[in-house]
Amino acid sequence: MANDASTVFDLVILGGGSGGYAAALRGAQLGLDVALIEKNKLGGTCLHNGCIPTKALLHAGEIADQAREAEQFGVRTSFEGIDIKGVHKYKDDVIAGLYKGLQGLVASRKVTYIEGEGRLSSPTSVDVNGQRVEGRHVLLATGSVPKSLPGLQIDGNRILSSDHALTLDRVPESAIILGGGVIGVEFASAWKSFGTDVTIVEGLKHLVPVEDENSSKLLERAFRKRGIKFSLGTFFQSAEYTENGVKVTLADGKTFEAEVLLVAIGRGPVSQGLGYEEQGVAMDRGYVLVDEYMRTNVPTISAVGDLVPTLQLAHVGFAEGILVAERLAGLKPVPIDYDGVPRVTYCHPEVASVGITEAKAKEVYGADKVVALKYNLAGNGKSKILKTAGEIKLVQVKDGAVVGVHMVGDRMGEQVGEAQLIYNWEALPAEVAQLIHAHPTQNEALGEAHLALAGKPLHSHD
């Protein structure tokens with residue numbers, strides 16, 4: 001169909017990552033004739049270079065830690081080390097299975113899939129493989145790539161991006177990680193589990209700085225206990241090769257040396273040289289600007305995912321892609337409340353949250369109108385069994401709804417589903433408290449926290 005010049009699709013999508021393929025699947029489901037263009041592999045960053053492979057590495061690290069620490073559970077094991085080829089095979093097998101399933105989904109929905117590097121050629125067309133693909137509407141979903149800093153040359157050997165780190169053929173003896181956000185702390189956690197001596201350099205005053213400060217402090221405490229070192233509050237200045245690795249110098253003159261340097265300062269949008277500006281699409285620092293319905297300033301063009309300045313999360317891309325498809329199909333989708341999106345950092349221990357921080361709540365509602373409660377996982381039976389530590393912190397508008405849920409501890413990412421319902425349905429503590437949570441589960445800790453906030457604590461002190 002792509003080679004038939006007379007074909008005009010309802011929707012032409014440039015980029016087959018989370019946002020692009022979600023729009024394609026939902027659009028086709030709603031009867032739209034969809035063309036999906038991708039230059040690399042269907043599934044994009046999340047499936048091939050992001051969410052899925054990093055979580056596989058983290059799980060392999062978790063198994064390594066369990067093997068080392070099994071004696072505390074009365075189980076005799078021996079740990080002989082990391083077979084990095086075996087780890088990569090496990091990771092790649094997970095990716096391959098999901099990739100095959102996704103290809104099958106796209107084919108089954110009768111989406112026209114075009115492999116090739118596309119470029120926006122008009123407000124209603126994309127050029128790819130020497131052909132022009134016409135559409136009544138175009139969706140830009142070209143994603144993001146790892147960022148670097150001026151003068152910091154990523155070489156894939158000693159100075160790495162997250163892409164390189166995912167395919168590294170060895171476990172580094174030591175590593176400096178530049179950036180203490182999600183990507184940085186996840187790699188720090190996995191590498192430490194593999195046996196690497198890790199130091200994180202974060203210019204801001206806390207690890208995972210966008211999270212509630214209490215969560216950051218709990219993670220820092222846990223990382224210290226694990227032997228993960230970090231430098232906070234001083235920015236990077238330079239990096240240079242040493243005889244056997246890399247030397248990093250900070251703005252205050254402090255230096256660190258390691259075998260490798262992982263640059264984990266975030267991801268930037270892929271938008272250069274793709275024809276966006278030539279077609280009049282409004283942009284800012286490489287990001288495509290959109291309204292709450294993901295519409296650009298050009299009526300026939302929308303944009304989603306990491307290409308737009310919203311949360312860089314795969315599930316946000318899914319939601320934005322679905323929103324665009326439903327809008328174009330004539331439905332009336334509700335704009336996304338980005339505060340209501342669950343956020344999880346899959347390090348050990350995990351950091352999970354939904355809603356706003358205590359600091360933000362005080363800014364929005366006034367300090368005298370905000371109530372915060374912390375429930376320690378020490379009071380939770382299943383957490384005791386798992387030997388994990390941490391807290392659940394609730395932020396409430398006084399006499400009103402819970403506006404923030406912030407959790408630290410192993411498997412807390414699995415609790416964020418109920419937390420997002422609590423936030424998005426504007427639940428009162430008393431309403432959650434009357435729901436019966438299964439015992440013994442970690443999920444019960446969320447119920448216990450609301451019992452306490454409602455003024456009737458059970459397994460916690462008044």
Side-chain angles (χ1 to χ4, degrees), residues 54-55 58-59 61-62 65 69 179-190 192-193 198 200 202 204-230 232 313 339 341-361 372-396 402-420 422-423 432 437 440-450 452-453 459-461:
T54 53
K55 282 21 158 208
L58 283 157
H59 184 60
E62 182 183 5
D65 287 335
E69 300 162 5
V182 173
I183 298 170
V185 301
E186 287 189 349
F187 272 104
S189 187
K192 181 64 180 178
S193 297
V198 178
I200 304 170
E202 170 55 57
L204 299 178
K205 65 179 183 177
H206 286 296
L207 297 180
V208 288
V210 301
E211 295 290 343
D212 190 272
E213 189 172 319
N214 186 65
S215 295
S216 296
K217 289 178 176 178
L218 288 168
L219 180 63
E220 288 159 14
R221 185 189 306 165
F223 271 18
R224 284 191 199 98
K225 194 172 179 182
R226 290 186 63 194
I228 297 173
K229 300 183 287 290
F230 45 89
L232 303 174
L313 298 169
D339 287 334
V341 172
R343 306 170 293 273
V344 186
T345 304
Y346 295 88
C347 50
H348 167 50
E350 290 183 351
V351 180
S353 63
V354 66
I356 59 177
T357 64
E358 182 180 359
K360 180 68 175 178
L373 178 135
K374 298 175 187 176
Y375 178 81
N376 197 303
L377 293 182
N380 176 254
K382 189 61 181 286
S383 296
K384 274 283 195 189
I385 291 165
L386 295 171
K387 287 186 177 286
T388 187
E391 285 180 357
I392 291 178
K393 177 179 176 179
L394 304 179
V395 180
Q396 177 199 14
V402 173
V403 296
V405 181
H406 306 277
M407 303 179 284
V408 177
D410 288 344
R411 306 187 186 182
M412 286 298 106
E414 303 302 324
Q415 313 313 318
V416 83
E418 182 181 1
Q420 76 158 325
I422 290 166
Y423 171 84
V432 181
H437 292 74
T441 62
Q442 286 187 290
N443 180 241
E444 180 183 17
L446 202 52
E448 293 262 4
H450 284 84
L453 192 56
H459 296 102
S460 61
H461 296 288

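Scope of the values below: all heavy atoms of this structure, side chains included, with no hydrogens, waters or symmetry mates.
With 3.5 Å as the limit, one finds no donor-acceptor pair spanning the side chains of His348 and Glu62. Defined by atom type and a distance below 3.5 Å, a donor-acceptor pair is present between the side-chain atoms of Ser383 and Gln442.
Annotation: side chain of Val185 is in contact with side chain of Val208 (closest heavy-atom distance under 4.5 Å). Contact of the Ile200 side chain with the Ile228 side chain is registered, since non-hydrogen atoms from C-beta on lie closer than 4.5 Å.
Between Ala188 and Val198 the shortest heavy-atom distance is CB-CG1, 3.7 Å. Considering all non-hydrogen atoms of both residues, Ser189 and Phe223 come closest at CB-CZ, 4.4 Å. For the pair Glu350 and Gly413, the tightest heavy-atom approach, listed with the atom from each and the gap, is OE1-N, 2.7 Å. In this structure, Asp65 and Ser193 approach most closely via the heavy-atom pair OD2-OG, 2.7 Å. Between Met407 and Ala419, the closest heavy-atom pair is CE-CB, 4.1 Å. Across all non-hydrogen atoms, the minimal contact from Gln415 to Leu446 is O-CD2, 3.8 Å.
Evaluation of the ring pair (Phe, Tyr, Trp, His ring centres under 6.0 Å) rule for Phe187 yields Trp191 as partners, not counting sequence neighbours. Looking at residues two or more places apart in sequence or on another chain, you find a side chain to side chain contact (heavy atoms under 4.5 Å, CB included) between Lys205 and Glu213. In this view, Lys360 and Glu363 satisfy the salt bridge (charged side-chain N to carboxylate O under 4.0 Å, His left out) rule, not counting sequence neighbours.
Under a 3.5 Å cut-off, the side chain of Ser216 and the backbone N or O of His206 do not form any donor-acceptor pair.
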(message) Does Asn380 form a side-chain contact (heavy atoms from CB on, under 4.5 Å) with His459? I'd like the steps, not just the answer.
(response) CA-CA 8 Å; Asn380 176 254; His459 296 102; over 6 Å; no
(message) Please evaluate residues His406 and Asn214 with respect to the criterion side-chain contact (heavy atoms from CB on, under 4.5 Å), reporting the C-alpha separation (whole Å), side-chain torsions for both, the decisive distance (0.1 Å), and the verdict.
(response) CA-CA 8 Å; His406 306 277; Asn214 186 65; over 6 Å; no
(request) Report the C-alpha distance between Leu232 and Glu220 in whole Å, list the side-chain angles of each, state the deciding distance to 0.1 Å, and finish with yes or no for side-chain contact (heavy atoms from CB on, under 4.5 Å). (result) CA-CA 10 Å; Leu232 303 174; Glu220 288 159 14; 3.7 Å; yes
(request) Dump the intermediate steps for side-chain contact (heavy atoms from CB on, under 4.5 Å) on Tyr375 and Leu394, then the final yes or no. (result) CA-CA 8 Å; Tyr375 178 81; Leu394 304 179; over 6 Å; no
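Note that the OG atom of Ser215 and the CZ atom of Arg343 stand 9.5 Å from one another [nearest 0.5 Å]. Between Leu219 atom CG and Cys347 atom SG the span is 4.5 Å, to the nearest 0.5 Å. Here the CG-CD distance, from Leu373 to Glu358, works out to 11.0 Å after rounding to the nearest 0.5 Å.
Other residues, nucleotides and ligands contribute only 12 or fewer heavy atoms inside 6.0 Å of the CZ atom of Arg411.
A salt bridge does not link Lys387 with Glu69: every distance from a Lys NZ or Arg NE/NH1/NH2 to an Asp or Glu carboxylate oxygen is 4.0 Å or more.
When each of His450, Glu418, Glu448 is checked for a side chain to side chain donor-acceptor pair (under 3.5 Å) with His437, only Glu418 meets the rule.
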